[in-house]
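Below, chains carry the letters A, B, ... as their sequence lines are ordered, and counting in each starts from 1.
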Amino acid sequence: MEDTNELIAQRRQKLESLKDEGINPYPNDFRPDTLSAELVSRFTELDKEALTSVTESFSLAGRIMSKRVMGKASFVHIMDRKGRLQVFVKRDLIGEEAYSRFKKYDIGDFIGITGRIFKTNVGELSIEAAELRLLVKSLRPLPEKWHGLTDQETRYRQRYVDLIVNPGVKELFKKRSRFINVVRDCLIERDYLEVETPMMQPIPGGATAKPFVTHHNALGMDLYLRIAPELYLKRLVVGGIERVFEINRNFRNEGISQQHNPEFTMLEFYQAYATYDDLMDIIEDMVSRAAMEINGSCKVEYQGETIDLSPKWTRMTVKEAILKHSDASESVLSDRKKAFDYAKKIGLEPEERWGLGKILTEIFDEVAEHKLIQPTFITQYPTEVSPLSRKNDDNPDIVDRFELFITGREMANAFSELNDPIDQKERFNLQVAEKDAGDEEAHFMDEDYIRALEYGMPPTAGAGLGIDRLVMLLTNSASIRDVLFFPHMRPEEGRKTITDEEKKH
RNA sequence: GAGCCGCUAGCUCAGUAGGUAGAGCACCUGACUUUUAAUCAGGUGGUCGUCGGUUCGAUCCCGACGCGGCUCACCA
């Protein structure tokens, strides 16, 4: 990391010579009183002539993004959090000493300017520096002004540079923030309470996934990074928080891809005296409102497809989806043997211990999931693959559950919650048997969760929404890495991870 | 985890049928008081991802490794 090229050496030398002159290269006593965008919105409509009567002085701070020296006058563009503005620096105005110092400032340095506003001969609104100070000396050169930074790896690893030189990046992350705000608004206006529950859990639950393990030294015990907040949020419903949600990270010890990062952000929300039907309405509202807020339309372009997010969305059962998107006959849907054979026929590797429900789910994933481009709620999941969901009153083989698919990807999972403690215990026992049989993703037994249910959980429905994937959709991003500031990357310099040997110290 | 592709100056990229590497931007020196990819003149800058092999000689050919991108597998 201690690379020293000529350009860095030159800047360090400039830093030293500034210090020799008695100048603090990192002061913190400059207070800008305006922003680039404020000046633009106030004055951009006025012409050159009209601006000559504006004598007010403004203070502005920002990073130098370009610099053009023309002898005894110069132009720089500075960038602050709202945009860019041109600064005109004239020797006659700031004085000979300040001007010759200014000529040594580099692109990337921060400066503070005080002066009046005017328009140049070609009509660009600019601030004329009456005073100019260095606020920060930058020691590393920025990528070039024309092509910018395009190397994906560097953009992810050095997001700070990406943010400086690629303006779209900041815009994207502002959209991400606004999306989360809309989600929060939708729930808070329905009287939900936002909470935080443990990320380090002795028993990881609430999803079928492989957890990360960590260790608590003082307690001498392993802990798991949570794969879902579900069981804790439902404990809160037991406790009387009838409408509750959490937006935060989950951690899953699985592969990395364009759709998967080891840590990702989920919304989970639970509402007592509601069914999964009610949650469909909330999710439709949330996502369509967010689309309007972010893109001004319920129609979004995603990787060449137009997705229409206007409510109401298509609703279809798992079995209907299989029939629609494959050549499976109706008998496959109710006959385990036929389902098993059909699964093999389409290239799956069903296991002997799988029941009809699990097989049908796998068939659905294979044939239908990637075809669900427009928003679609898939309902009536098999009980076998839904250990936390409430059974359907008319058919115990299915549960009152839906998943939401958009662009062929799962965006949300929701169900009426299982609140029968005896049924829940039996389902946990089945999961434990799965685990003993080698399924690393099967649930653990959670005795305390059963105890909580035994006190009584009101009839409740709950949902989980993949925030990152929805942000991808709304920003037309192909990779989850584009919607995370710091996506997970291997260490830069070789495989310098902490070894077991080093861990002992 | 598997396959394919990539890694050359700070950035964006050329290139060498194997003979010590180029451009633009950036940077340095000089000129220039309304420019805007400013302009003009001159200049600096590279263990060509790492290690090994073949060769008189490797950035180029071969192998291993590292990192990344894409595809597939698992998953949300």
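With both ends at atom P, the span from B/C40 to B/G45 equals 23 Å, rounded to whole Å. Distance check on atom P: B/C28 versus B/A38 gives 15 Å, rounded to whole Å. On the P atoms, B/A64 is 10 Å away from B/G3, given to the nearest whole Å. Using P as the reference atom, B/C62 and B/G6 are 11 Å apart when rounded to the nearest Å. Taking atom C1' on both nucleotides, B/U35 is separated from B/U39 by 10 Å, rounded to a whole Å. The gap from the C1' atom of B/U16 to that of B/A58 amounts to 11 Å, rounded to the nearest Å. With P as the reference atom, B/G68 and B/U8 are 15 Å apart, rounded to whole Å. Going from the C1' atom of B/U59 to that of B/A2 covers 29 Å, rounded to whole Å.
Mapping A/I480 and A/K48 onto RNA chain B via the closest heavy atom, the residue that lands nearer the 5' end is A/K48. With RNA chain B read from its 5' end, the first of the two nearest nucleotides for A/R157 and A/H147 is the one closest to A/H147.
Look at CH2 on A/W146: it is 12 Å from P on B/A26, rounded to the nearest Å. If you measure from atom CG of A/L149 to atom P of B/G68, you get 16 Å, rounded to the nearest angstrom. The CZ-C1' distance, from A/R11 to B/C11, rounds to 12 Å in whole Å. Distance, A/Q10 CD to B/A26 C1': 10 Å, rounded to whole Å. One atom, CD1 of A/I107, and another, P of B/A38, lie 8 Å apart when rounded to the nearest Å. The distance between atom CG of A/D151 and atom P of B/G49, rounded to the nearest whole Å, is 14 Å. In this structure, the NZ atom of A/K104 is 14 Å from the C1' atom of B/U29, given to the nearest Å. We find that CZ of A/F118 is positioned 16 Å from P of B/U33, with the value rounded to whole Å.
The side chain of A/E153 sits closest to B/C67 out of B/C67, B/U35, B/A76. When the nucleotides B/A76, B/U35, B/A26 are ranked by their closest atom to the side chain of A/R469, B/A76 comes out on top. Of all nucleotides listed (B/U35, B/C67, B/G69), B/U35 comes nearest to the side chain of A/N121. Which of B/C32, B/G69, B/G24 sits closest to the side chain of A/E144 comes down to B/G24.
Checked by atom type and distance alone, the side chain of A/R12 never pairs as donor or acceptor with a backbone atom of A/L139 at under 3.5 Å.
Residue A/K170 comes nearest to A/D80 through the heavy atom pair NZ-O, 4.1 Å, listed as atom of the first residue, atom of the second, then distance.
Residue A/R84 is classed as having no contact, given no heavy-atom separation below 4.0 Å to the nucleic acid.
The aromatic rings of A/F377 and A/F402 sit perpendicular to each other, their planes meeting at more than 60°, with 30° as the lower class boundary.
A cation-pi arrangement is not found for A/K210 relative to A/F251, the charged atom failing to lie both closer than 6.0 Å to the ring centre and inside a 45° cone about the ring normal. Cation-pi check for A/K435 over A/F444 is met; the charged atom lies under 6.0 angstrom from the ring centroid and within 45 degrees of its normal.
Between the OG1 atom of A/T379 and the CZ atom of A/F415 there is a distance of 14.5 Å, given to the nearest 0.5 Å.
Contact annotation: A/Q258 reaches the phosphate of B/U71 (side-chain N/O to OP1 or OP2, under 4.0 Å).
Nucleotide B/U71: paired with B/A2 (Watson-Crick or G-U wobble, both distances less than 3.5 Å).
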